[in-house]
Amino acid sequence: MALNVMVVDDSSVMRSIIIKTLKLCGIDLGEIYQAANGVEGLKVLGENWIDVALIDINMPEMNGEELLEKIRENPETVDLKVIVISTESSETRIDNLIRMGASFIHKPFTPETIRQTILQSLGVLNEQGSSEGGIAEDSEYDF
Amino acid sequence: MNKDRVKEELQRTASMTFEEFCFMFTNPEFDENEREIQVGKAAVVNFSGPFSGKLTVKADDDVIPLIAENMLGEDDPTEQQQFDALGEIGNVICGNLLPGLGGSKAVFNIDAPKVVSLFELNEDDVNEELSSGLKLPLDEGLIELKVEFNEDVDF
């Protein structure tokens, strides 16, 4: 099952790195959409089917926390799998993001971290990283 | 302010960031007194929270394209991509440095990085008592980092 992914980050370089890492981590990808801030992210969500959103926190116009709130307020996107990728290290902020149903990846990251987190958020892997069955883990990548 | 502690955290977070994002490693044979960066760019990242200040990451002009190439996995990055890459390096170092100094429960706000030429950096007003820095010699070139605080901080 190919996943449609949205990457939201105000840094074009970071979006490129995330997309490159996604392509290396062995997950079957469909369309990959990009947005530079929360406002653009909401527009992409309104126009396309997205399975997983990878979002930054510190962005202009609408930051990642605000975007996540809007995603959870909308019945059409309330169950969207959201993974926050950020340098954020405050336990307070991270706990708040997790309470809003997001997973969290800290920068800098590895392809394996992205892969595991996506698969865990989809319920393919449990918290220990073991398979729950369903989508096969395809871990062929060279990084 | 414990300058040595700040320097250690800066060394740790900068080395980790260059290694994990750029696959660039420190050259242990560098003589710190050998040289400084003469021509290059700097990423400046302002932060606020329990304490405030800014982080500056300077890089040789020669090493900036290599940073971008390694981060992006592509040859010949554009000038904008190079500036973005340096800015993102500053952002990631800053984001990891601050909790190392302020603790994991502290909440910081980090502004978007700005990339400027060395001529645009105003280094005459630096309060050396409230700043700490180091040179990070990579195999590919020299990086200089400095963190300046707006107030004295008890680390």
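In what follows, every chain begins at residue 1, and chains take the letters A, B, ... in the order their sequences are listed.
- Taking CG of B/N91 as the reference point, atom CG of A/D56 lies at 7.0 Å (rounded to 0.5 Å).
- Within the model, atoms CD1 of A/I17 and CG of B/D84 stand 10.0 Å from one another, a figure rounded to the nearest 0.5 Å.
- By the rule that hydrophobic residues join a cluster once side-chain heavy atoms approach within less than 4.5 Å of another member, A/I32 and A/V44 end up as members of separate clusters.
- Cluster membership for B/L97 and A/F109, using ILVMFWY side-chain heavy atoms within less than 4.5 angstrom, is shared.
- In the hydrophobic clustering of this structure, B/M24 groups with B/L86; members are Ile, Leu, Val, Met, Phe, Trp, Tyr whose side-chain heavy atoms approach within less than 4.5 Å, directly or through other members.
- To the nearest 0.5 Å, the span separating OG on A/S89 from NZ on B/K105 amounts to 12.5 Å.
- Environment of CD in A/E47: crowded, with over 12 heavy atoms of neighbouring residues, nucleotides or ligands closer than 6.0 Å.
- Hydrophobic clustering (ILVMFWY, side-chain heavy atoms < 4.5 Å, transitive): A/L22 and A/I50 are in distinct clusters.
- Near-neighbour residues of residues 41-54 of chain B relative to chain A, defined by a heavy atom under 4.5 Å from a heavy atom of that chain, are none.
- Annotation: B/E128, atom CD; neighbour count of heavy atoms from other residues, nucleotides and ligands within 6.0 Å is above 12.
- A/L45 and A/I18 fall into different hydrophobic clusters, where Ile, Leu, Val, Met, Phe, Trp and Tyr residues are linked whenever their side-chain heavy atoms come under 4.5 Å apart, directly or through other members.
- Within a 6.0 Å radius of CD in B/E151, other residues, nucleotides and ligands contribute more than 12 heavy atoms.
- Within 6.0 Å of the NZ atom in B/K3, the count of heavy atoms belonging to other residues, nucleotides or ligands exceeds 12.
- Exactly one of B/I93, B/V92, B/I89, B/T13 qualifies for a side-chain contact (heavy atoms from CB on, under 4.5 Å) with A/P108. That residue is B/V92.
- Put simply, NZ on A/K107 and CG on B/N96 are 10.5 Å apart, with the number rounded to the nearest 0.5 Å.
- To the nearest 0.5 angstrom, B/F108 atom CZ is 10.5 Å from A/R93 atom CZ.
- Here the straight-line distance linking atom OG of A/S16 with atom CD of B/E88 works out to 11.0 Å at 0.5 Å rounding.
- When heavy atoms are compared at a cutoff of 4.5 Å, B/A106 approaches chain A solely by way of its backbone atoms N, CA, C and O.
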